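None of these values were measured; they are calculated from a predicted model. A, B, ... follow the sequence lines: proteins, then strands. Residue 1 opens every chain.
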Amino acid sequence: ETGVTQTPRHLVMGMTNKKSLKCEQHLGHNAMYWYKQSAKKPLELMFVYSLEERVENNSVPSRFSPECPNSSHLFLHLHTLQPEDSALYLCASSQELAGGINEQFFGPGTRLTVL
Amino acid sequence: QKEVEQDPGPLSVPEGAIVSLNCTYSNSAFQYFMWYRQYSRKGPELLMYTYSSGNKEDGRFTAQVDKSSKYISLFIRDSQPSDSATYLCAMSGRGGYQKVTFGTGTKLQVIP
């Protein structure tokens, strides 16, 4: 495996289900991100982990719960979602450099549909 | 006012045309200006970036930044069907951890 991988690629869940999205980066980076991508809207940053510590949480509802057990893996635990949470969920990683560009490498995303 | 504004398109052009994609922004602290390309069923990937003002050229692609107008552009010369994708502008500050702010993306279709 190379780059950033995400599983599953597609997920359909009911509003009462609990599921998890998984992300793995094979680039040796020290930061990982969850984004939500909806049609005609900018990428919405949800969570940032730097050196396995959460450094940003952009007012995301508690029905989304991130977990970063190590620098290569990131999870997004989902429960009691709403239909408006249907979107493409993208994971990204980057190597933070003091003063340098924050180039982020993205996975292919998980297409989530909430019924 | 949104920090970054980008017309979502779609934009449809014939093969060989010159394509111009643009974004405006409101945050004067932005120093890095990036263009990501996202093919269907893929994640975005960095195409090119500039630091501060000026132009940068890479093959058929040219990125321009006008900080006085808070306006950035991506030009694609001799467009090809393989350029069909969504192009997202993105911007960040400099120093330490910097959040990257993305535009909505412009969907481009190059027709053979």
Side-chain angles (χ1 to χ4, degrees), chain A residues 2-10 21 23-25 27 29-51 53-59 74 87-111, chain B residues 1-11 21 23-27 29-52 54 56 58 63 65 72 85-107:
Chain A
T2 60
V4 180
T5 58
Q6 289 187 245
T7 54
R9 293 293 308 274
H10 300 272
L21 309 185
C23 174
E24 184 173 0
Q25 60 99 356
L27 300 168
H29 290 163
N30 59 13
M32 297 187 76
Y33 311 77
W34 280 117
Y35 285 90
K36 177 183 179 182
Q37 187 174 36
S38 305
K40 309 271 186 181
K41 291 186 177 180
L43 278 180
E44 180 183 334
L45 180 63
M46 301 175 71
F47 302 103
V48 181
Y49 278 83
S50 175
L51 299 173
E53 288 198 20
R54 193 189 311 180
V55 297
E56 191 153 344
N57 176 349
N58 282 334
S59 303
L74 186 65
L88 182 68
Y89 287 84
L90 290 163
C91 173
S93 71
S94 70
Q95 183 64 25
E96 288 185 9
L97 301 171
I101 183 175
N102 183 4
E103 179 181 358
Q104 297 182 13
F105 293 77
F106 286 83
T110 296
R111 173 66 63 184
Chain B
Q1 184 184 9
K2 292 180 184 175
E3 274 195 298
V4 178
E5 300 265 10
Q6 183 177 12
D7 185 341
L11 180 62
L21 304 168
C23 290
T24 59
Y25 64 95
S26 58
N27 189 342
F30 289 144
Q31 295 284 347
Y32 284 102
F33 302 90
M34 296 161 269
W35 287 95
Y36 279 80
R37 179 174 61 194
Q38 184 175 19
Y39 288 114
S40 180
R41 289 185 291 279
K42 301 274 190 181
E45 60 177 346
L46 184 65
L47 182 61
M48 58 193 304
Y49 74 92
T50 53
Y51 175 68
S52 195
K56 188 171 186 178
D58 184 1
V65 175
I72 72 169
T86 297
Y87 292 80
L88 299 93
C89 62
M91 307 173 191
S92 74
R94 183 174 183 272
Y97 164 68
Q98 291 291 337
K99 174 184 172 180
V100 178
T101 302
F102 288 84
T104 56
T106 299
K107 187 171 184 178

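B/P8 approaches A/K40 most closely through the heavy-atom pair CB-CD, 3.9 Å. A pairwise comparison of heavy atoms in A/P42 and B/F102 identifies CB-O, 3.3 Å as the closest pair. For the residue pair A/L45 and B/K99, the shortest heavy atom distance occurs at CD2-CG, 4.0 Å.
Of the listed residues B/A90, B/P44, B/G105, B/S92, the one with more heavy-atom pairs under 4.5 angstrom with chain A than any other is B/P44. Highest contact tally toward chain B, considering only A/R111, A/E44, A/Q37, is held by A/Q37 [criterion: heavy-atom pairs under 4.5 Å].
A/I101 CD1 to B/Y51 OH: the interatomic distance, rounded to the nearest 0.5 Å, is 11.0 Å.
Residue contact with chain B, scored on non-hydrogen atoms closer than 4.5 Å, involves the side chain of A/L90 exclusively. Proximity to chain A is limited to the side chain of B/Y36, based on heavy atoms less than 4.5 angstrom apart. For chain B, no part of A/Q6 is nearby; none of its heavy atoms comes within less than 4.5 Å. Residue contact with chain A, scored on non-hydrogen atoms closer than 4.5 Å, involves the side chain of B/Q38 exclusively.
Crowding of B/K107 atom NZ: a count of heavy atoms from other residues, nucleotides or ligands under 6.0 Å not exceeding 12.
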